[in-house]
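Please read the structure below before turning to the comments.
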Amino acid sequence: MTNAVETTSQAAEQGASAGGNVLRRLWAGEVPLGRVFWQYAMIGGTALNLMATLLAMALLAADVPGLLALAAFALPIPYNLFVLVAVWR
């Protein structure tokens, strides 16, 4: 019985280290450059920036304060900086 428990815990540890946390793997530079650039920077960044831009434009059209629209427009900045570092590494 102990052997089965050890095998299960070893498999769980290997699965956690193989898949790991995506953010940690990106930050550490463990994800291939092509994948980080195309999937996270180009596709993910473009989609996020487009949504933030549309949200900011909708807020401006609804006559909300400009500072709120600016804040909505700036929402993707942390993601963009994170992906910049991930591509760099």
Side-chain angles (χ1 to χ4, degrees):
M1 186 70 161
T2 305
N3 193 15
V5 173
E6 289 175 7
T7 305
T8 304
S9 64
Q10 288 173 350
E13 288 175 10
Q14 289 174 353
S17 64
N21 184 351
V22 174
L23 297 177
R24 187 198 58 77
R25 292 181 64 224
L26 284 167
W27 187 258
E30 297 173 356
V31 181
L33 175 62
R35 183 174 180 196
V36 174
F37 178 75
W38 287 109
Q39 287 184 356
Y40 293 95
M42 296 303 295
I43 296 171
T46 300
L48 185 62
N49 290 323
L50 181 63
M51 287 187 293
T53 301
L54 292 174
L55 175 62
M57 292 173 71
L59 290 172
L60 286 173
D63 290 329
V64 300
L67 195 57
L68 185 60
L70 180 63
F73 186 71
L75 279 175
I77 291 175
Y79 175 82
N80 289 326
L81 292 174
F82 179 79
V83 171
L84 172 70
V85 171
V87 168
W88 187 350
R89 290 183 176 204

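As the structure is a computational prediction, the values presented were derived from the model and not from experiment.
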All pairs passing ring-ring contact (aromatic ring centres under 6.0 Å, His included) where residues 23-75 contributes a residue, at least two apart: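 ring-ring contact (aromatic ring centres under 6.0 Å, His included) check on residues 23-75 returns Trp27-Phe82.
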**Asked** Under a 4.5 Å side-chain heavy-atom rule over Ile, Leu, Val, Met, Phe, Trp and Tyr, are Leu75 and Tyr79 clustered together?
**Response**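 Shared cluster, no.
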Hey, any chance Trp88 and Val31 share a hydrophobic cluster, counting ILVMFWY side chains that come within less than 4.5 Å of each other, even indirectly?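 Shared cluster, no.
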message: Applying side chain to side chain contact (heavy atoms under 4.5 Å, CB included), can you list everything that pairs with Glu30, at least two apart in sequence or on another chain?
response: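 Partners of Glu30 by the side chain to side chain contact (heavy atoms under 4.5 Å, CB included) criterion, ordered by chain and then number, come out as Arg24, Arg25, Ala28.
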With a cut-off of 3.5 Å and sequence neighbours excluded, list every side-chain donor-acceptor pair involving residues 42-70.
from	atom 1	to	atom 2	distance (Å)
Thr46	OG1	Met42	O	2.4
Asn49	OD1	Asn80	ND2	3.2
Asn49	ND2	Gly45	O	2.9
Thr53	OG1	Asn49	O	2.8

Q) Which ILVMFWY residues can you reach from Leu81 by hopping between side chains whose heavy atoms are under 4.5 Å apart? A)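 Under the 4.5 Å side-chain rule, Leu81 groups with Ile77.
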How would you list, by chain and number, every residue that makes a side chain to side chain donor-acceptor pair (under 3.5 Å) with Arg35, sequence neighbours excluded?
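Only Gln39 meet the side chain to side chain donor-acceptor pair (under 3.5 Å) criterion with Arg35.
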